[in-house]
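Computed over heavy atoms, backbone and side chain alike; hydrogens, waters and symmetry mates excluded.
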Amino acid sequence: MGGPAVVVADGGVRGEGGPLSTDRLVSRFGAGVLAWVDELPARVERVCRRWGLTVVRPLGGNTSHTLYCHRRGGVPVVLKLVPERELVAEELAALTAWAGSPVVVRVVEADLAEGALLLEGLVPGTAARGVSGERVVELLAGLHRPAPEGFRPLAERVDLMFALLRRRRPGYYDRAHAAALALAEDPVPSVLLHGDLHAENVLDAGPRGLVVIDPRSCVGDAAFDAVDFAFDGGDPRARVGELAGAVDPERVLAWCRVLSVFSPAWQRVIHPGER
């Protein structure tokens with residue numbers, strides 16, 4: 001069997017995607033997460049032995065530790081370990097709800113007690129950037145479906161996002177937060193959302209096309225999932241028309257305005273005269 005996770009002295013985990021910052025983990029999960037980091041090598045060894053995995057290399061991650069592995073016969077898979085079992089359970093529930101959709105990564109194995117998911121390895125598996133509007137429409141159409149029971153509402157996802165923003169970059173966000181909650185609670189059709197749909201979470205799977213990973217699933221307005229794509233390449237006002245086949249362009253723009261506080265680059269686009 002291949003070696004365990006590559007854990008460096010400060011508790012970060014190095015991989016092609018860069019180190020897994022303990023500062024970011026503590027910001028997200030609290031200081032108790034450091035015990036989880038210390039236990040990572042033993043956890044990886046246990047799970048790899050159980051599932052017959054050989055570790056090839058670590059991958060990047062902000063709130064998880066992911067490893068590119070080979071299973072018996074050289075089958076590519078990705079092992080994902082998460083500090084919080086509730087997050088693993090929510091992700092598994094979403095991926096199960098999307099089972100059969102070609103635009104969502106497939107689950108191979110799951111162990112909630114270990115906080116572990118084994119996912120199919122996508123080839124080439126590189127982040128999809130500069131994606132055309134037509135391909136985004138196809139992706140969103142394959143992703144969004146009528147909201148199932150058991151998933152948190154979009155308003156809860158919005159609250160969590162703003163709580164994390166205030167922790168990581170203190171500032172005044174009350175107005176944007178209130179506006180985002182108002183959008184989330186508008187009476188529009190509710191669909192199962194990815195909840196964190198940006199370029200790093202949309203991978204090129206070769207002939208299969210675009211495939212999403214790492215959902216932070218919730219249910220609500222389909223336009224929420226289109227914000228990062230609307231900002232891709234510059235001014236969303238010039239981009240949203242390309243997405244009209246899957247989402248309401250005006251609602252996408254409304255989300256772009258209230259969520260622009262999450263990125264200085266987005267703020268410069270939406271409010272070019274402000275500093």
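- Here the closest non-hydrogen pair linking V269 and P236 is CG1-CD, 3.5 Å.
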Side chains of residues 151-162: which donor-acceptor pairs under 3.5 Å do they make with residues two or more places apart or in other chains?
| unit_1 | atom_1 | unit_2 | atom_2 | d |
| --- | --- | --- | --- | --- |
| R152 | NH2 | E90 | OE1 | 3.4 |
| R152 | NH2 | E90 | OE2 | 2.5 |
| R157 | NE | G195 | O | 3.1 |
| R157 | NH2 | G195 | O | 3.2 |
| D159 | OD1 | H177 | NE2 | 2.7 |

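- F224 and V137 sit in two unconnected hydrophobic clusters of ILVMFWY residues. Membership requires side-chain heavy atoms under 4.5 Å apart, directly or through other members.
- In this structure, D235 does not pair ionically with R268, as no charged nitrogen and carboxylate oxygen lie closer than 4.0 Å.
- One finds the CG atom of L81 at 8.0 Å from the OG atom of S64 (value rounded to the nearest 0.5 Å).
- In the hydrophobic clustering of this structure, L183 groups with V191; members are Ile, Leu, Val, Met, Phe, Trp, Tyr whose side-chain heavy atoms approach within less than 4.5 Å, directly or through other members.
- Within the 4.5 Å cutoff, no side-chain heavy atoms of P249 are placed close to those of E242.
- Within the 4.5 Å cutoff, no side-chain heavy atoms of W255 are placed close to those of V247.
- The side-chain heavy atoms of L164 and R167, taken from C-beta on, include a pair separated by under 4.5 Å.
- Partner P215 forms a side-chain contact (heavy atoms from CB on, under 4.5 Å) with one of L95, D196, L192 and no other, that one being L95.
- Not a single donor-acceptor pair under 3.5 Å links the side chain of D186 to the backbone N or O of V188.
- Residues passing the salt bridge (charged side-chain N to carboxylate O under 4.0 Å, His left out) test with D214 are K80, sequence neighbours excluded.
- Residues F231 and V136 are members of separate hydrophobic clusters, defined by side-chain heavy-atom contacts under 4.5 angstrom among Ile, Leu, Val, Met, Phe, Trp and Tyr.
- Between D204 and V123 the shortest side-chain heavy-atom distance does not fall below 4.5 Å.
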Please list every donor-acceptor pair under 3.5 Å in which a side-chain atom of residues 104-119 meets a protein atom from a residue at least two apart or in another chain.
| unit_1 | atom_1 | unit_2 | atom_2 | d |
| --- | --- | --- | --- | --- |
| E109 | OE2 | R71 | NH2 | 2.8 |
| D111 | OD1 | A113 | N | 3.1 |
| D111 | OD1 | E114 | N | 3.1 |
| D111 | OD2 | R50 | NH1 | 2.4 |
| E114 | OE1 | R43 | NH1 | 2.8 |
| E114 | OE1 | R46 | NH2 | 3.0 |
| E114 | OE2 | R46 | NE | 2.8 |
| E114 | OE2 | R46 | NH2 | 3.4 |

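- A 6.0 Å sphere centred on CD of E185 holds more than 12 heavy atoms belonging to other residues, nucleotides or ligands.
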In residues 257-264, what donor-acceptor pairs under 3.5 Å come from side-chain atoms, sequence neighbours left out?
| unit_1 | atom_1 | unit_2 | atom_2 | d |
| --- | --- | --- | --- | --- |
| S260 | OG | R257 | O | 2.9 |
| S263 | OG | A265 | N | 3.3 |
| S263 | OG | W266 | N | 3.2 |

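- Nearest heavy atoms, A205 versus V211: CB-CG2, 3.6 Å.
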Handout entry: Check against side chain to side chain donor-acceptor pair (under 3.5 Å), H194 and N201
Key = CA-CA 10 Å; H194 181 280; N201 284 341; 4.6 Å; no
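- For the side-chain contact (heavy atoms from CB on, under 4.5 Å) criterion with L210, the lone passing option out of L143, V202, V103, L122 is V202.
- The cluster map of Ile, Leu, Val, Met, Phe, Trp and Tyr, joined by side-chain heavy atoms under 4.5 Å apart, puts V227 and V212 in different clusters.
- With sequence neighbours left out, the ring pair (Phe, Tyr, Trp, His ring centres under 6.0 Å) criterion links F229 to no other residue.
- Two residues are said to be in side-chain contact when any heavy atoms from C-beta on lie closer than 4.5 Å; V44 and R49 fail this criterion.
- Atom SG of residue C48 and atom CG of residue L79 lie 5.5 Å apart, to the nearest 0.5 angstrom.
- The CG atom of D38 lies 7.0 Å from the CG atom of L34; values are rounded to the nearest 0.5 Å.
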Practice task
Please step through side-chain contact (heavy atoms from CB on, under 4.5 Å) for the pair L197 and R216, ending with a clear verdict.
Solution key: CA-CA 9 Å; L197 198 61; R216 291 289 180 265; over 6 Å; no
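- A pairwise comparison of heavy atoms in P58 and H65 identifies CB-CE1, 4.3 Å as the closest pair.
- V78 places none of its side-chain heavy atoms less than 4.5 Å from the side chain of E120.
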Under 3.5 Å, which donor-acceptor pairs do the side chains of residues 126-133 form with other protein atoms, sequence neighbours left out?
| unit_1 | atom_1 | unit_2 | atom_2 | d |
| --- | --- | --- | --- | --- |
| R129 | NH2 | E200 | OE2 | 2.0 |
| S132 | OG | R135 | N | 3.3 |

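- To the nearest 0.5 Å, atoms CZ (R145) and CH2 (W98) are separated by 8.0 Å.
- Separating the OG1 atom in T66 from the CZ atom in R57 is a distance of 10.0 Å, to the nearest 0.5 Å.
- A 4.5 Å side-chain heavy-atom check between L59 and L67 finds every atom pair outside the cut-off.
- Smallest separation of non-hydrogen atoms from F29 and P83: CE1-CG, 3.7 Å.
- Cluster annotation: V219 is not connected to L193 through the hydrophobic network of ILVMFWY side chains, with a link wherever side-chain heavy atoms come within less than 4.5 Å.
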Problem - Derivation and outcome, side-chain contact (heavy atoms from CB on, under 4.5 Å), residues H70 and L53 - result: CA-CA 6 Å; H70 285 162; L53 308 178; over 6 Å; no
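- Distance check: L203 CG to R208 CZ gives 10.0 Å after rounding to the nearest 0.5 Å.
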